[in-house]
Novice: 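So that we are looking at the same thing, I have put the structure below in structure tokens.
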Amino acid sequence: MLDDPLKVTSPPPIILGTVQLGRNYGIANRNGVPPETISLDILTAAANAGVEIFDTAPNYGGSEALIGRFLDSWPGKEPRIITKLVSGVIRDAATEKEVYSLIKDSLLGSVKKLRSNRPPELIMQNAADAVDNPRVVDCLLKLKQEGLAGEVGLSVYQERDLEFILDHDGLQLVQAPFNIFDRRLEGYLAELARLGKTVWSRSVFLQGLFFLDPKYLPQAVQPAAPYLEDLRHLSIEIGLSIEKLAFLYARDTQGLDGLVIGVESMDQLERNFELLELPALTLDQRKTIEKEFPAVPEAVYNPILWKTWS
Ligand SMILES: NC(=O)c1ccc[n+]([C@@H]2O[C@H](COP(=O)([O-])OP(=O)(O)OC[C@H]3O[C@@H](n4cnc5c(N)ncnc54)[C@H](OP(=O)(O)O)[C@@H]3O)[C@@H](O)[C@H]2O)c1
């Protein structure tokens, strides 16, 4: 555990997740992908407000190309771009040479669309692809040494992924879920900080699941109903909206270097900047939250098991 979670000096910055700007995404999504003009406005407003990192991937629909069009006309300092090697791309690669060339081809495809002046950060979209095939780490490091990628790392789904990162010096970037229902990352934060890794958390709102009415859940997330009921009661008990509880719980956790948050509208973007400025939760409030959700089942907190992504 890191020290007192309330000793937060400055909150972790928002990293703009952009899957929502490229394809239908999120368990609560009703509106689909915003029109391009709105998406470009969101990227511009985020950059103007000081967001320095955008998160994207080749399988986020038109997200990388959208960022490329944004960068074409953005006069300020270029944001850092995190892109990914899509889960499963290297599944059938037998040799290191094949792994390397599949990753490189994907990266060069991303670079072409992004049209960024500096190499993007590169992470494996699913850490399992590296854990199951350790050649991947050498290939990522080679791409970094060649100046084609910036920093490299993994996007985490399981605790074994975090153990793997701790064992591999060159893996600098960690993107992992962290929210009220899923606090698995917490026990690793001190060690990740000691090793100087960069930790970006995602799923603050669990794809928007936290805002769904537990009585009318899509089939895929039915097991979440009792936990969402409890979250509603907790929000009333503490006197803070679910949005504030979820955001502040992650924001005030020490050891996070950024919060990857996706938005579909300017309104949500502005709300998230407002949330960044709110006072910290008290220690009692944090303890109440943690006591309420000591062990949420994986079927609830792991979006891979919802099988809503293809
Ligand atoms: N493996 C990976 O590398 C991976 C996996 C997943 C995501 N990501 C990245 O992480 C980013 C965030 O995705 P996530 O799954 O973690 O989602 P999230 O940030 O937990 O939730 C985002 C969703 O919450 C809703 N929302 C956002 N701000 C809100 C606010 N202030 N009030 C109410 N609702 C709000 C929006 O959905 P609605 O309006 O539809 O409710 C939005 O689409 C993605 O854009 C992507 O870049 C990476």
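Along the sequence shown, residues are numbered consecutively beginning with 1. Just the heavy atoms: all of them, side chains too, but no hydrogens, waters or symmetry mates, feed the values below. Counting starts at 1 for both ligands and their atoms, in listed order.
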Novice: I'd like to check which ligand 1 atoms, numbered from 1 as shown, lie under 4.0 Å from a non-hydrogen atom of N29.
Specialist: 40 (O)
Novice: Could you go through the salt bridge (Lys or Arg N to Asp or Glu O under 4.0 Å) check for E36 and R69 one step at a time?
Specialist: CA-CA 10 Å; E36 169 142 342; R69 287 192 285 282; 2.7 Å; yes
Novice: Does an N or O anywhere in F205 fall below 3.5 Å from an N or O of ligand 1?
Specialist: yes
Novice: Please state whether the rings of F293 and Y227 are parallel, tilted or perpendicular, taking 30° and 60° as the class boundaries.
Specialist: tilted
Novice: Before you tell me yes or no, could you show the steps for K197 and E191 under side-chain contact (heavy atoms from CB on, under 4.5 Å), namely the whole-Å CA-CA distance, both residues' side-chain angles and the distance that decides it to 0.1 Å?
Specialist: CA-CA 9 Å; K197 309 275 186 191; E191 189 59 7; over 6 Å; no
Novice: Without hydrogens or angle criteria, can the side chains of S110 and E64 be said to hold a donor-acceptor pair below 3.5 Å?
Specialist: yes
Novice: Would you check the N or O atoms of R271, main chain and side chain alike, for any that come under 3.5 Å of an N or O of ligand 1?
Specialist: no
Novice: Side chains of T198 and Q172: donor-acceptor distance under 3.5 Å anywhere?
Specialist: yes
Novice: Check E243 against ligand 1 and report side chain, backbone, both or neither, counting heavy atoms closer than 4.0 Å.
Specialist: side chain
Novice: Strictly by modelled atom types, are Q285 and Y249 linked by a side-chain donor-acceptor pair under 3.5 Å?
Specialist: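 No pair is found: no donor N or O on one side chain lies under 3.5 Å from an acceptor on the other.
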Novice: Atom 39 (O) of ligand 1: which protein heavy atom is closest, and how many Å away?
Specialist: Q268 NE2, 2.6 Å
Novice: Which of the numbered atoms in ligand 1 are below 4.0 angstrom from a heavy atom of A28?
Specialist: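 By the 4.0 Å cutoff, the relevant atoms are 40 (O), 41 (O).
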Novice: Identify the protein heavy atom lying closest to atom 11 (C) of ligand 1, giving its residue, its atom name and the separation to 0.1 Å.
Specialist: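 Residue, atom and distance for the closest contact: V260 CG1, 3.6 Å.
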Novice: Just let me know how L206 lines up against ligand 1, side chain, backbone, both or neither, with a heavy-atom cut-off below 4.0 Å.
Specialist: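 The answer is the backbone of L206.
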Novice: List the closest protein heavy-atom neighbour of atom 14 (P) of ligand 1: residue, atom name, distance to the nearest 0.1 Å.
Specialist: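 So the nearest neighbour among protein heavy atoms is Y25 OH, 3.7 Å.
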Novice: Taking distance alone, with N or O pairs closer than 3.5 Å, would you say V19 contacts ligand 1?
Specialist: yes
Novice: Where on S155 is there a heavy atom closer than 4.0 Å to ligand 1, on the side chain, on the backbone, on both, or on neither?
Specialist: side chain
Novice: Less than 3.5 Å between some nitrogen or oxygen of F211 and one of ligand 1, yes or no?
Specialist: no
Novice: Any chance CD of E52 has more than 12 other-residue heavy atoms, nucleotides or ligands included, within less than 6.0 Å?
Specialist: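 Result for CD/E52: open.
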Novice: Please report which non-hydrogen protein atom sits nearest to atom 12 (C) of ligand 1, along with the residue it belongs to and the distance in Å to one decimal place.
Specialist: G262 N, 3.5 Å
Novice: For atom 16 (O) of ligand 1, which protein heavy atom lies nearest, and how many Å away is it?
Specialist: S203 N, 2.6 Å
Novice: Carefully, step by step, assess E290 and K287 under the rule salt bridge (Lys or Arg N to Asp or Glu O under 4.0 Å).
Specialist: CA-CA 5 Å; E290 286 160 8; K287 283 187 176 153; over 6 Å; no
Novice: So which of K84, Q20, E264 gets nearest to atom 37 (O) of ligand 1, if we judge by its closest heavy atom?
Specialist: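 Result: the heavy atom closest to atom 37 (O) of ligand 1 is in E264.
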Novice: Once you restrict to heavy atoms under 4.0 Å, what part of T18 touches ligand 1? Side chain, backbone, both or neither.
Specialist: backbone
Novice: Checking side-chain polar atoms at under 3.5 Å, does T253 have a donor or acceptor matched by the opposite partner on E186?
Specialist: no
Novice: With ring centroids as reference points, do F210 and F205 lie under 6.0 angstrom apart?
Specialist: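 Ring centres of F205 and F210 not closer than 6.0 Å.
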Novice: Among all protein non-hydrogen atoms, which one is nearest to atom 8 (N) of ligand 1, and what is the separation to 0.1 Å?
Specialist: Y60 OH, 3.5 Å
Novice: Tell me: protein heavy atom nearest atom 47 (O) of ligand 1, and distance?
Specialist: D55 OD1, 2.5 Å
Novice: Please report which non-hydrogen protein atom sits nearest to atom 28 (N) of ligand 1, along with the residue it belongs to and the distance in Å to one decimal place.
Specialist: N272 ND2, 3.1 Å
Novice: Quick one: which ligand 1 atoms are inside 4.0 Å of a heavy atom on Q175?
Specialist: 2 (C), 3 (O), 4 (C), 8 (N), 48 (C)
Novice: Using a strict cut-off of 4.0 Å, indicate which atoms of ligand 1 neighbour a heavy atom of Y157.
Specialist: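 The list of qualifying atoms is 1 (N), 2 (C), 5 (C).
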Novice: Which is it for V263 and Q20 under the side-chain contact (heavy atoms from CB on, under 4.5 Å) test, yes or no, and what are the steps along the way?
Specialist: CA-CA 7 Å; V263 301; Q20 293 83 350; over 6 Å; no
Novice: Please answer: with hydrophobic residues joined when any side-chain heavy atoms are less than 4.5 Å apart, are I165 and V152 in the same cluster?
Specialist: yes
Novice: Take N31 and E264 through the side chain to side chain donor-acceptor pair (under 3.5 Å) test and state the conclusion after the steps.
Specialist: CA-CA 8 Å; N31 302 321; E264 283 144 21; 5.1 Å; no
Novice: Please could you name the atoms of ligand 1 that G17 approaches to less than 4.0 Å, counting only its heavy atoms?
Specialist: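 Near G17, the atoms of ligand 1 are 11 (C), 44 (C), 45 (O), 47 (O).
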Novice: So is V263 polar-close to ligand 1, meaning N/O to N/O under 3.5 Å?
Specialist: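 Between V263 and ligand 1, no N or O pair is found under 3.5 Å apart.
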Novice: For F54, which of F70, Y60, W200 qualifies under ring-ring contact (aromatic ring centres under 6.0 Å, His included)?
Specialist: F70
